[in-house]
Amino acid sequence: ITDYDEIVENCTCAFCGCNCDDLDYLVKDGHVVAVRHACRLGASKIMEDMDQRLLVPMIRNEEGELEEVDWDAALDKAAELIAGAVRPVFYGWSETSIETMHHGLELGELVGAVLDNQATICHGPSIQAVQNVGYPIFTLGEGKNRADMVVYTGSNAMNSHPRHMARYSTFPRGYFRPRGRYDRTVVTMDPKYSDTAKMSDVWIGFEQNGDYEFYNAIRAVLKGKKLKKDVISGIPKEDIYELTEKMKNAQFGTLYFGLGLTHTLSKQRNIDIAIQMIADLNKYSKWVLMPMRGHFNVNGFNIFMSYETGFPYGVDFSRGYQRYMNGETNTIDLLTRKECDVFMVIAADPGAHYPGGAVKHLAEIPVIQIDIHWGPSTEIADVVLPGSFIGVEAAGTSYRMDGVPIYMKKAIDKPETCRDDEWIVKELLERVKKIKAEQGTS
Ligand code: SF4
């Protein structure tokens, strides 16, 4: 692309948990027309598909159609629904800024809502495991400069986090790894011969749902035990001995894990045992692990909520103080039990990603959507508030998968009819406060 007005440098991608902050946006007539350094996922998001952009506030009318209204009418309607709710849930947050979450938390406390984010359907089991057995984490920079053994388990980074291998784990030359890829052994553990496995030196194709038994076998070998079975989770025991020996002899080993662990049989127990395996490995060498967090700010919500309330997600304020009970105060549970009576979704698409039972209840209760894109959630929304795109049209703070905070700057102006997420949530807070004051219920 040679036809552009200006280049905005050092922008941050608002897609996956890699939070690549080395992007250049090529801007023409107030639009990003090309992106340098981003992968396909990032570039396709940044160069907004305006066909699907939510541009105007809407309310669903008596005929069941979404009808364009002015901002005052839409905000008043949303505030009225929130103020009148008995069991409101505010869900999403992983694709917006920490600054927006700050106002959302105040609103949640005011009305006794449950605040939950995509961790509940993603790396929530990892957080539970961390609460059980600890968090031997590192920063991506340490991995880049030190790792001589890189393990991806239950993660297909080449598809989900396309620049992860290039930027942080496998290919970059680091201070103690001057030859980059040649200084590292890369292992992928996945039932599928994935694109990440193709980029690796070793592929361990253990059976689907075989994770727990497989890590257990490695732990047993690390503890000096002999394996009794010849084949464990589909892998011959000789291969497990060989892999364990390699892991023991690494100078700095990094294990990146994904939904292959959190979404299969045993869920959080898979991560429990992976963390314990890392602890065992540290008797021989230096090993660390990291969850491959999905959205660019899913980790941010968990960090923000933990700092502010003591709990990472599924935080319930219905009693006026915070409570956190997995299986009770998570969004899917509240929806499938038909407890929730008003649902506000911000920067997420449960209409597309929730199980049928949960979506069915969403279709029966008032849904307020704050987002930039039309999606399945818009089809079930009763009030639509078009926000703006963090990292492109609005500035804000996010937290990378390793917990490093990244400031995402604004590069272009938002469409005139849209508002910043931060402004929308703050405005809702003010309006709900006013209603509560009038009712004398604040
Ligand atoms: S790897 Fe992730 S953060 Fe980096 S450009 Fe691609 S989608 Fe964006």
Side-chain angles (χ1 to χ4, degrees), residues 1 7-27 32-49 52 93-98 117-119 122-123 139-141 143-144 147 150 152 155-172 180-181 186 188 194-196 198-200 254 256-259 290-303 347-349 352-353 372-373 375 388-412:
I1 294 242
I7 299 178
V8 187
E9 292 178 333
N10 300 323
C11 297
T12 305
C13 176
F15 195 102
C16 83
C18 286
N19 299 44
C20 298
D21 53 357
D22 60 343
L23 310 188
D24 295 342
Y25 298 166
L26 273 51
V27 176
V32 180
V33 291
V35 186
R36 286 188 185 146
H37 308 146
C39 70
R40 274 193 192 193
L41 295 178
S44 66
K45 184 172 180 194
I46 293 156
M47 290 189 296
E48 267 285 41
D49 178 359
Q52 294 180 13
W93 308 103
S94 303
E95 293 196 272
T96 190
S97 63
I98 300 289
N117 82 327
Q118 285 94 327
C122 193
H123 269 288
T139 62
L140 292 166
K144 173 186 161 184
V150 176
Y152 284 98
S155 163
N156 186 4
M158 281 306 288
N159 290 183
S160 61
H161 299 72
R163 296 182 75 213
H164 193 268
M165 291 181 103
R167 245 172 94 81
Y168 305 118
S169 71
T170 306
F171 295 101
R181 176 70 180 92
V186 182
T188 293
S194 62
D195 288 338
T196 308
K198 287 175 201 161
M199 306 291 278
S200 306
T254 52
Y256 298 96
F257 67 97
L259 302 191
M290 188 179 303
M292 294 288 283
R293 302 306 302 268
H295 298 292
F296 72 92
N297 210 9
V298 65
N299 199 18
F301 180 86
N302 301 136
I303 290 172
D349 198 350
H353 301 127
I372 54 174
H373 267 137
S388 47
F389 192 171
I390 310 294
V392 179
E393 300 163 353
T397 310
S398 65
Y399 282 80
R400 208 166 62 183
M401 63 167 69
D402 54 351
V404 170
I406 310 265
Y407 179 69
M408 305 175 74
K409 68 181 180 189
K410 174 182 159 161
I412 58 171

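Atoms within a ligand are numbered from 1 in the order they appear, just like the ligands themselves.
Under 3.5 Å, the side chains of Tyr407 and Thr12 contain no donor-acceptor pair of N or O atoms.
Note on Lys409 versus Glu9: no salt bridge recorded, every NZ/NE/NH1/NH2 to OD/OE distance being 4.0 Å or above. Ion pairing between a basic and an acidic side chain is recognised when a charged N comes within 4.0 Å of a carboxylate O; Arg167 and Asp22 show such pairing.
In this structure, the side chains of Asp195 and Lys198 come closer than 4.5 Å at one or more pairs of heavy atoms. Considering only heavy atoms from C-beta on, Val32 stays 4.5 Å or farther from Leu26 through its side chain.
Note on atom 8 (Fe) of ligand 1: protein N, O or S atoms under 2.8 Å away count 1, no waters included.
We find the CZ-CG distance between Arg36 and Leu23 to be 12.0 Å, quoted to the nearest 0.5 Å.
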